[in-house]
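For reference, the structure is listed below as structure tokens.
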Amino acid sequence: MPRALITGITGQDGLYLSELLLAKGYEVYGLIRGQNNPKFDLVGKTVPGVHLIAGDLTDLSSLLRALQVAQPDEIYNLGAISFVAYSWEQAALTSDVTAKGVLNILEAVRLYAGDDLSTVRFYQASSSEMFGKVQQVPQNEGTLLWPRSPYGVAKVFGHYMTINYRESYGMHASSGILFNHESPRRGPEFVTRKVSMGVAAIKAGRQDTLTMGNLEARRDWGFAGDYVDAMWRMLQQPNGDDYVVSTGETHSIRELLDAAFAVVGIDDWEPYVEQDPRFFRPAEVDLLTGDSTKAREVLDWKPTVGFADLVTMMVESDVRALAAQGG
Ligand code: NDP
Ligand code: GDR
């Protein structure tokens, strides 16, 4: 039975990846931080087969201990401070977790595996935010990186450190440059879920308006369930490598609002949407659209859920959740 260790187990991707690996017959271990993590029960209910190990990406010895307990064949490093807007407010903490945390786990793997690094395969959750002020459209594995936030800068560090461990020590280390991926499990701070929850609440008469930031930014949004499958496929390859994972379609926040309000039968959303400067960012990533040709050809991967179906899935899930609470 193959064994996997996932950091970021409580997050959107950690849950989907756990489900995928458990279904494939893996023994799955998840790193969980904090002495009383409020998502402990969520993990237990959603993926009861996962074994949780206490640890934190900023604490190298806790990572070493987690590796010794899990004895993984595959490690998926999904843990991060992942909310871009927040990364300006806590840039140093973001660097400690999202950048140096990658070095910590790579180093822990090297110390744990000793001379036999070939026994462990490593996945790093890199991001399209690394492209930032895009230097090429669409973006592929060779596009120059130009991050626009402390989060983006931290992810660039993790990306190059992963490549460096591959080149320096021959580690089977892969970096997945994933574009935005969403689901009903997406955190409510991110724009798609904020919109799907807001639309459901407006439809139920529980909320009057939705307060947004920049409506002109464009993103390449896919479904998280598809994207964790790409992570797994990367680690099944004979060698570590870097892959862009994206749909290749881009939509603005306005189009997201069009699609989400349409699900509940509202065609004109203008009366329900306000803008507030507090949701604008000091520097914006205006346009992201990925070229995932390499992942499609080498990994035989492709997205299965389109933009309209993804938005419908999220809004309907939030409508159902509100109905279950009594409207
Ligand atoms: P989430 O924000 O949902 O989850 C982040 C996870 O990181 C949580 O489990 C969180 O745990 C954990 N974490 C935070 N700080 C630490 C720490 N100090 N030590 C250990 N774990 C920590 O992110 P997603 O699931 O959406 O994304 C997974 C990864 O993929 C992240 O690295 C993200 O940056 C990256 N990514 C995501 C994309 C997306 O569109 N979703 C696109 C590209 C990259 P806790 O619950 O305790 O806070
Ligand atoms: P992003 O996702 O920054 O791309 O990072 P987010 O959903 O937060 O923002 C997408 C775009 O929407 C605009 N926007 C708003 N965003 C939020 N959160 N709230 C608002 O009210 C709002 N109004 C407009 C933003 O300005 C931005 O342009 C996500 C995270 O998952 C990262 O961890 C990951 O690496 C990248 O996707 C790829």
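We count residues from 1, following the sequence as given. Treat the numbers as computed from the prediction; the structure is a model and nothing was measured. Just follow the structure's listing: the first ligand is 1, and inside any ligand the first atom is 1.
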Is the closest N or O pair between Ser128 and ligand 1 shorter than 3.5 Å? no
Give a yes or no on whether Trp146 atom CH2 has more than 12 heavy-atom contacts from other residues, nucleotides or ligands under 6.0 Å away. no
Atom 10 (C) of ligand 1: which protein heavy atom is closest, and how many Å away? Thr10 OG1, 3.8 Å
Do Thr162 and Gln124 have side-chain atoms, one donor and one acceptor, less than 3.5 Å apart? no
Any idea which atoms of ligand 1 are less than 4.0 Å away from a heavy-atom of Tyr151? 33 (C), 34 (O), 35 (C), 36 (N), 44 (C)
Is there any N or O on Ser82 that sits under 3.5 Å from an N or O of ligand 1? yes
Any heavy atom of Val97 under 4.0 Å from ligand 1? The part involved is side chain
Identify, for atom 31 (C) of ligand 1, the protein heavy atom at the shortest distance, and state residue, atom and that distance. Leu78 O, 3.0 Å
When you check ligand 2 against the protein, what N or O pairs turn up below 3.5 Å? List the atom names and distances, or just say none.
from, atom 1, to, atom 2, distance (Å)
ligand 2, 3 (O), Arg281, NH1, 2.6
ligand 2, 4 (O), Asn180, ND2, 2.8
ligand 2, 4 (O), Arg219, NE, 2.8
ligand 2, 7 (O), Val191, N, 2.8
ligand 2, 8 (O), Arg281, NH2, 2.8
ligand 2, 9 (O), Arg281, NH2, 3.4
ligand 2, 18 (N), Glu189, O, 2.9
ligand 2, 21 (O), Lys194, NZ, 2.7
ligand 2, 23 (N), Gly213, N, 2.9
ligand 2, 26 (O), Glu284, OE2, 2.6
ligand 2, 28 (O), Arg219, NH2, 3.0
ligand 2, 28 (O), Glu284, OE1, 2.9
ligand 2, 28 (O), Glu284, OE2, 3.1
ligand 2, 31 (O), Arg186, NH1, 3.1
ligand 2, 31 (O), Arg186, NH2, 2.8
ligand 2, 33 (O), Ser82, O, 2.6
ligand 2, 33 (O), Tyr151, OH, 2.8
ligand 2, 35 (O), Ser127, OG, 2.5
ligand 2, 35 (O), Tyr151, OH, 2.5
ligand 2, 37 (O), Asn180, ND2, 3.1

Which protein non-hydrogen atom lies closest to atom 30 (O) of ligand 1, naming both residue and atom, and how far is it? Ala125 CB, 3.4 Å
Linking I/L/V/M/F/W/Y whenever any side-chain heavy atoms sit under 4.5 Å apart, do Leu235 and Tyr16 land together? yes
His251 and Phe307 aromatic ring geometry - parallel, tilted or perpendicular at 30°/60° bounds: parallel
Numbered atoms and elements of ligand 1 in range of Ser126, under 4.0 angstrom, heavy atoms: 43 (C), 44 (C)
Is ligand 1 less than 4.0 angstrom away from at least one heavy atom of Arg186? yes
Select one of side chain, backbone, both or neither to describe which atoms of Asn37 lie under 4.0 Å from any atom of ligand 1, heavy atoms only. side chain
Near Asn180 (heavy-atom distance under 4.0 Å), the atoms of ligand 1 are 40 (O)
Quick one: do Glu19 and Arg185 make a salt bridge, cutoff under 4.0 Å? yes
Val191-Val199 co-clustered via ILVMFWY side chain contacts under 4.5 Å: yes
May I ask you to check whether Asp56 has an N/O atom sitting below 3.5 Å from an N/O atom of ligand 1? yes
Give the cluster check for Leu20 versus Phe122: same hydrophobic cluster or not, with ILVMFWY residues linked at side-chain heavy-atom distances below 4.5 Å. no
Aromatic rings Tyr227 and Trp301: how do their planes relate, parallel, tilted or perpendicular, breaks at 30° and 60°? perpendicular
Based purely on interatomic distance, does Ser127 place a nitrogen or oxygen under 3.5 Å from a nitrogen or oxygen of ligand 1? no
Take every heavy atom of Glu129, measure it against each atom of ligand 1, and state whether any distance is under 4.0 Å. no
Which ligand 1 atoms are under 4.0 Å away from a heavy-atom of Gln12? 3 (O), 25 (O), 26 (O), 41 (N)
Please write down residue, atom name and distance for the protein heavy atom closest to atom 4 (O) of ligand 1. Gly11 CA, 3.4 Å
Decide whether an N or O pair under 3.5 Å exists between Thr58 and ligand 1. no
Closest to atom 43 (C) of ligand 1 among protein heavy atoms sits Leu178 O, 3.1 Å
Do any nitrogen or oxygen atoms of Gly14 come within less than 3.5 Å of a nitrogen or oxygen of ligand 1? no
Heavy atom of Phe83, distance to ligand 1 below 4.0 Å: no
Residue-level breakdown please: for His181 versus ligand 1, do any non-hydrogen atoms fall below 4.0 Å on the side chain, on the backbone, on both, or on neither? both
closest protein heavy atom to atom 19 (N) of ligand 1 is Leu57 N, 3.0 Å
